Every structure is written in C-alpha cells, then in structure tokens.
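Sequence positions, counted from 1, serve as the residue numbers for this chain. This one's a predicted model, so the numbers in the text were calculated from it and none came from an experiment.
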Amino acid sequence: MTEQGVSKAEKLLGVSNLYDPANMELLHCVEQALKAHTLYKLDHHYVVQDGEVIIVDDFTGRLMQGRRWSDGLHQAVEAKEGVKIERENQTLATITLQNYFRMYEKLGGMTGTAETEAEEFNTVYGLDVVIIPTNRPMVRKDTPDVIYRTLPEKWDAVVDEIKELHKNGQPVLVGTVSVENSELVAEKLKKIGVPHNVLNAKYHEREAEIVAQAGRKGAVTIATNMAGRGTDILLGGNPEFLAREYLKRMEINPDEATPEQFEEQLVRARLVVENEHREVVAAGGLHILGTERHESRRIDNQLRGRAGRQGDPGSSRFVLSLEDDLMRIFAGDKVRSMMEWLGMEKGVAIESRTVSKQIERAQKAVEARNFETRKHVLKYDDVMNKQRETIYTLRRDLMFQSEHREYLLGEKGVARDLLHDLTFSFLNPQVAPDLWDVDTYAAEIESIYAVDPAADAGVDYKRMGPAAIEDLIWEKASASYAEKEKLAGSESLRAYERYIMLNIIDTQWKDHLLSIDHLKQGIGLVGYGQKDPLVEYKKQSFDMFQDMLDRIDTNTTRALFNLEIVVKDEREEMERLERLERQRARRQAAGMAFTGAMATAQAAGDTEEVRHTPFKRDQPKVKPNEPCYCGSGKKFKKCHGSGI
C-alpha cells in the first residue's frame, strides 16, 4: 500500500495506526485482500463454480479440486467474489515435489518435453536426459513467430487465420494461456459464425471427447494448457468416439448399447473418418495456433507436439503481441525498437527468425530464474526434510512398535531425561544451595510429575545434592506410576501412552509448521543486515525444532504422570444398576396405570376430568438434601436420588 492507501485503510477500519503491533492481524487481512483484488484474476488464476472458488493450475490449466491458498488468501478471494467464506486451512504436512520424488529408491520417467529441463533433472535428481528418435520422420512445419504491436491487432489476426483455415477444411488447435483468453477467442469466433469447441478448466469433463475429434475436417478447438494429454489427435477424427456420438443422436446410451449396435455405428464412423483423413492430410494436417508464448519452452513444445504425430503432416505458428506478459517483461524493448526502426504500421506484423530467437532467449532467462527459485525453495525444504524425517520416524516407531515403555519411562527415557534437565537447571551444582530456585523447581516437579518434592518424596534441599534429589523424586514418581499401571492394566496403559504421545506430537508438529511458515516469510529481511538468509533460517528453524521436541517431552510426561485411574467399587456399581432398574419399573407401572385410567375414563365419558386430576403421592416427597430413606446416612441426592 502507498501512504494514501494506508491512510484510507486506517480511516475505513477506524484505527489510528495500522502498523501498531496490536493491529498486525488486521494489517495481514488488508494485505491479503489487496493481493486478492489486484494480483489474482477470475478465469485466469481461479474459477468460480457452484459458489466455490477453485484454483486453476498455471501449467496444466486444470482445476485443482480440494486445494486452497493459505494464510487467508483464499478467504480474501472468496470475499472478493461474494461466495461463502470457508474456514482457513492449516498445514498439517508439507513437502516439496523434489523431496517427495527423492523418497523413491529408483527414479525414471518418459516425456516428450524433457530436453529443455535436462540441467534441472541432472542437478536435482542426478538423472540424465536421453533423446529417443521418433518412430517415423517428423514432417511438421514450425513457422516463425508473428508479432503485432497491440493485443487487439493480435486477436484480429488470430481470428482471421482460424477463419481462413476452417474454410480450407484444415483442423486448428488454438492454444491459450488462460480460461479468460480461451473464452475471448470463442466469443470472437461466435460473432463471425465459425463453429468451435472450447477446452478449458470449465469443461474438463469433456476433455477426451473434445480432443479426440480435434483432427476432423474444419474442426476448431480452443484450448488452454490442458490440451488433451493422454488422448491422441487423429487426423479425420476418432472412429470410436464418433460411433458413441452417433449412438447418442439415436438416443441410445453408448454404455448400455449392445455389441451389435456399437459395431454397426463403428463401421459407419470408420468410413466417415477414412474419407476425412484423406481430405485433412491433403489440406496440410492439424495446424497449431499458439496465441502467447509461455514462460517455459516445455509448455510451448507440448502444444506444438499435438501435431505431426507418427509421421502425420502438420504445422504450427505462434501469434504474439508486444503487450503479452512475456514480451512486455523480457523481450519488449528490443523488439519494439526493431519494429519502430522498420516503420511498422497498425495491423502489420513482423515475422522473423531473429525475433523468434530473441523470444526463446527471453524464455531461457525466465526458465533459469524459475529454476533458481526452485533450487532456493529446495534448499529451504532440505532443512525441513531432516526435521520431517525425525518426526515421522518417531511417529512410525510409536505406531508400529508393540513396546515403547523403555523409551518413555526407562532409566534413559523421556521422563527421566526431563527430570534430570529440570533438576540441573534449577538446582545447579555449580551454585551454592542458598541460591537455588527451590520454589520454582518444586512447582515444576509437582506440575509435571504430580509429586511434591518435600512433602511426598521427603527432599531436604539443605542436606542433599542435586543427583540425590533427582533419584528420590524419580523413585517416588515411578512408584506412583507403577501403582497406576497395576490399577489400569499394562495393556490399557500402553495404548493410552501411545495415544497421548501421538496426539501431542501431531499438535506440536502442526504448530511448528505454522511457525516455520511465518519464519520463512520474514527471513529474507536479515539480508539487509549482511547475513545469509538461508544460514539464519537453518539456525532459527533448528532452535524452533529443539524447542518443539522439548515441549513434546514435557507435555507427554505431564499427561502420563498426572493420569488419574478411577476404579469403581463392584458393590456400588451393582447397587446403582439395581436402583436404575427399580426406577424404570416404577415409571413403567405409572405409565400403565395412567393408560388404564384413561381407558376407563374414556369408557365412562369423563376423559377431561381424569386429564386434569392432579397426581397424588403415597409418601411425602423427599427433598434432595434430606437424609435418604434407606438409612445409609447419605443425602438423598447422593444415594437413591442420584439417578433421578
């Protein structure tokens, strides 16, 4: 926010200083709202479906169901779009994709677009990229990029080219970088009457169906980056999909059609596809029309790779403008000066391999920057990865090892180590006993171990040393715990120990992840103090992790030693059950008596009188605080009246 923005926000919110520590939460909300309104665009970064904001993946163009932005950003976008604001998510587990893949013993893969990322595969995973020759010779024609001065000029040129190709019967796949742009092209085509299909995050259910028929004669398909992975575009169309379409037109569900019905339509579809295949090949095959260069050459190559499959003819061209994001940020000035030097006029394009190479250089620069960013993120996650492995190993041991008593309560277990640390922290042997913080020590021991050192364990601070005091307290605490184990049973107590520790670990780990997120956001500022943010992050995150482990040990020990075992007396339990049974019998008898009285009254015709006759007790009412009538000496509410 600018200074004027801060003043306006303070006025609207009714606060005198937005940057006051008391208003930090408010400031965070304002900044997230500002981000939602200015940086996150509808139908580009997200779509709204059924009253829900769904993120669109930048690279694949697909909807990311169930994924939400963190730190209140998703709530800010929901408020912007006027949909129901859901509760904020909290991270329970986090890992980068690189570290996730590194967990596998063997790693390999196959893709048509790995060559441009060969350096990253080698650096991150130690994998070499090997290029396998195509099955059949590649005959696709990749023409140089065409560049216009403004966006309107570019869109007009795109529509004119689609119209011309459609008229010639050549199928076109139009690649766009966002849902918004795909719908813009669709709207322009609708106005001039060119039939087309739109494939974006809003219509992802029909992805396979749309892509399968994108190679038919004169077909126009407008797609985002999701452009039909996993489904080949066959020139002339896909006979199986076409057969299903014929069945639908006959009002037959393709999934319920008989084999004979499907085979009949398949034969018909094959004839149509064969004829169209010849015509499409003669027209030049599938034409790929990219409307914007992506930050990554890999995505552009994926789009181009939809044409020219298995020796098929095809062509590709990218139509750009100087106002496109990539051009504006990285290549705009040089290309603009070149266009001005050439004296370009409105509506006139420049087509040059030199310009295409300049754009490719810009893409390489962006890829290098993005790679550096990913490497940087990975370095930070490597720090977290060690912590993650420690916590997950601890959880796994607790869940799958049948015996963990030694770890928790053994001579070198968690509880004993904690007692040792507390004793030597408050009763330091290097310091005179008169200077020991005895009161705080006693309070801590009583809080964690449920033992009063002086009263319960007989500790004499003046005559005993720290080691002797520790041994005495541990003897009393462990004896007390052994008694609890006798009462509850060792099997039940082991299950309780496991449950308690897992619960505490999960809670503390969740809080730790939140703290680490906050640390990450601000750690870059230490660079102003001539410090390396990564080194500082390692130091601070390690200290935070140690603090978390200490809290886990303390909370677990406190929960176990403060456990109260309640054993109910068998005779008392039997009496309570008998008392409840008598009460149930009395209620049942009263209900039957009332039903009988009603029936009699109805027979006599005086139902109204019976309904209003007050109930009369056989004996005087016993008040809750009066002695019980059974002679036990207890109050009625504590005895026979306890179940009423």
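Looking only at atom types and distance, the side chain of T373 has no donor-acceptor partner in the side chain of N370 under 3.5 Å away. No hydrogens or angles considered: nothing links the side chains of N23 and N17 as a donor-acceptor pair under 3.5 Å. Judged by distance alone, the side chains of E86 and H74 never bring a donor and an acceptor atom under 3.5 Å apart.
Taking the centre of each ring, Y46 and Y40 stay at or above the 6.0 Å mark.
For the side chain to side chain contact (heavy atoms under 4.5 Å, CB included) test, residues two or more places apart in sequence or in another chain that qualify with D382 are N99, R102, L378. The salt bridge (charged side-chain N to carboxylate O under 4.0 Å, His left out) search around E117 returns none, not counting sequence neighbours. Every residue was checked against the ring pair (Phe, Tyr, Trp, His ring centres under 6.0 Å) condition with Y441, not counting sequence neighbours, and none meets it. The side chain to side chain contact (heavy atoms under 4.5 Å, CB included) search around H28 returns Q32, D71, not counting sequence neighbours.
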Residues 5-15 side chain polar contacts: donor-acceptor under 3.5 Å, at least two apart:
unit_1 : atom_1 : unit_2 : atom_2 : d
S7     : OG     : E3     : O      : 3.1
E10    : OE2    : L18    : N      : 2.9

Could you pull out every donor-acceptor pair under 3.5 Å between side chains of residues 425-434 and any protein atom, sequence neighbours left out?
unit_1 : atom_1 : unit_2 : atom_2 : d
N428   : OD1    : Q430   : N      : 2.9

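In this structure, CZ in F424 is found 9.5 Å from CD1 in I469, a value given to the nearest 0.5 Å. The CD1 atom of I85 sits 7.5 Å away from atom CD of Q75, with the distance rounded to the nearest 0.5 Å.
A cation-pi arrangement is absent between K106 and Y104 under the rule of less than 6.0 angstrom and at most 45 degrees off the ring axis.
Salt bridge present: E372 and K375 bring a charged side-chain N and a carboxylate O closer than 4.0 Å. Looking at E367 and K364, no side-chain N of the basic residue comes within less than 4.0 Å of a carboxylate O on the acidic one, giving no salt bridge.
A side-chain donor-acceptor contact under 3.5 Å links T38 to the backbone of L34.
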